[in-house]
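Everything below concerns the one structure shown next.
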Amino acid sequence: MLKSLIAAGLLGLALTAPAYAAEMAVCDDASMMKMDEAIKADTDPKMKEAADMAMKELDMAKMAMKDGKTDDCSMHLTNAMKSMEMKPSN
């Protein structure tokens, strides 16, 4: 019963998240792989600095995901996408 009550509370909290959260990237393995592939596929020398920044943000997102910090992970993954001028997918 307690688990059901907690689950219902978390669901309610998730449904009332602020609108800006819709612009945040989903922090999961698929998004991480997609971002990693996009960074590695970009061979334009003019984008090297942006790719380096995106890789740093991606590494920070991976560390946050490993530590269970979902909000930090989403923020870093979104920053990586912005560095590469990609839109977050939800």
Side-chain angles (χ1 to χ4, degrees):
M1 170 112 176
L2 182 59
K3 289 181 183 179
S4 298
L5 188 58
I6 292 171
L10 290 174
L11 179 61
L13 184 61
L15 294 175
T16 60
Y20 70 85
E23 295 180 16
M24 297 292 284
V26 176
C27 192
D28 59 7
D29 289 329
S31 297
M32 296 280 187
M33 275 180 33
K34 181 180 175 183
M35 188 70 230
D36 192 41
E37 289 171 1
I39 294 169
K40 290 177 181 173
D42 192 353
T43 58
D44 186 0
K46 296 176 186 175
M47 292 292 292
K48 174 142 178 48
E49 189 175 322
D52 289 343
M53 180 58 77
M55 188 55 81
K56 288 177 185 176
E57 289 287 347
L58 182 61
D59 289 341
M60 288 188 281
K62 288 178 182 178
M63 289 176 57
M65 184 178 178
K66 180 181 172 188
D67 293 340
K69 298 177 181 177
T70 309
D71 291 340
D72 290 348
C73 178
S74 293
M75 177 191 66
H76 289 300
L77 190 57
T78 300
N79 289 342
M81 289 178 179
K82 286 179 181 177
S83 294
M84 297 299 292
E85 298 179 3
M86 297 173 64
K87 294 199 185 249
S89 59
N90 288 341

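All values below were derived from every heavy atom in this structure, side-chain atoms included, with hydrogens, water molecules and symmetry-related copies excluded.
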- Any Asp29 side-chain heavy atom under 4.5 Å of Met65 side chain: yes
- Message: Minimum heavy-atom separation for Ala61 and Leu77, please, with both atom names.
- Response: CB-N, 3.8 Å
- Item | 4.5 Å side-chain heavy-atom contact, Asp59 and Met55 | yes
- Message: Atom NZ of residue position Lys62 - does it have more than 12 heavy atoms of other residues, nucleotides or ligands inside 6.0 Å?
- Response: yes
- Query: Is Cys27 close to Met75 at the side-chain level, that is, under 4.5 Å between some pair of heavy atoms?
  - Reply: no
- Run through Met84, Glu57, Lys56, Met60 and flag the one making a side-chain contact (heavy atoms from CB on, under 4.5 Å) with Asn79. Glu57
- Are any side-chain N or O atoms of Asp44 and backbone N or O atoms of Lys46, one a donor and one an acceptor, separated by less than 3.5 Å? yes
- Item | Working for side-chain contact (heavy atoms from CB on, under 4.5 Å), residues Lys40 and Asp36 | CA-CA 6 Å; Lys40 290 177 181 173; Asp36 192 41; 3.1 Å; yes
- Note on the structure: Between Ser31 and the options Leu58, Thr78, Val26, the side-chain contact (heavy atoms from CB on, under 4.5 Å) test singles out Val26
- Run the side-chain contact (heavy atoms from CB on, under 4.5 Å) check on Met63 and Cys73 step by step: do they pass? CA-CA 8 Å; Met63 289 176 57; Cys73 178; over 6 Å; no
- Quick one: pull up NZ in Lys34 and CG in Asp28 and give me the separation to the nearest 0.5 Å. 10.5 Å
- Under 3.5 Å side-chain donor-acceptor pair for Asp71 and Ser74: no
- At what distance, to the nearest 0.5 angstrom, does CE of Met32 lie from NE2 of His76? 10.0 Å
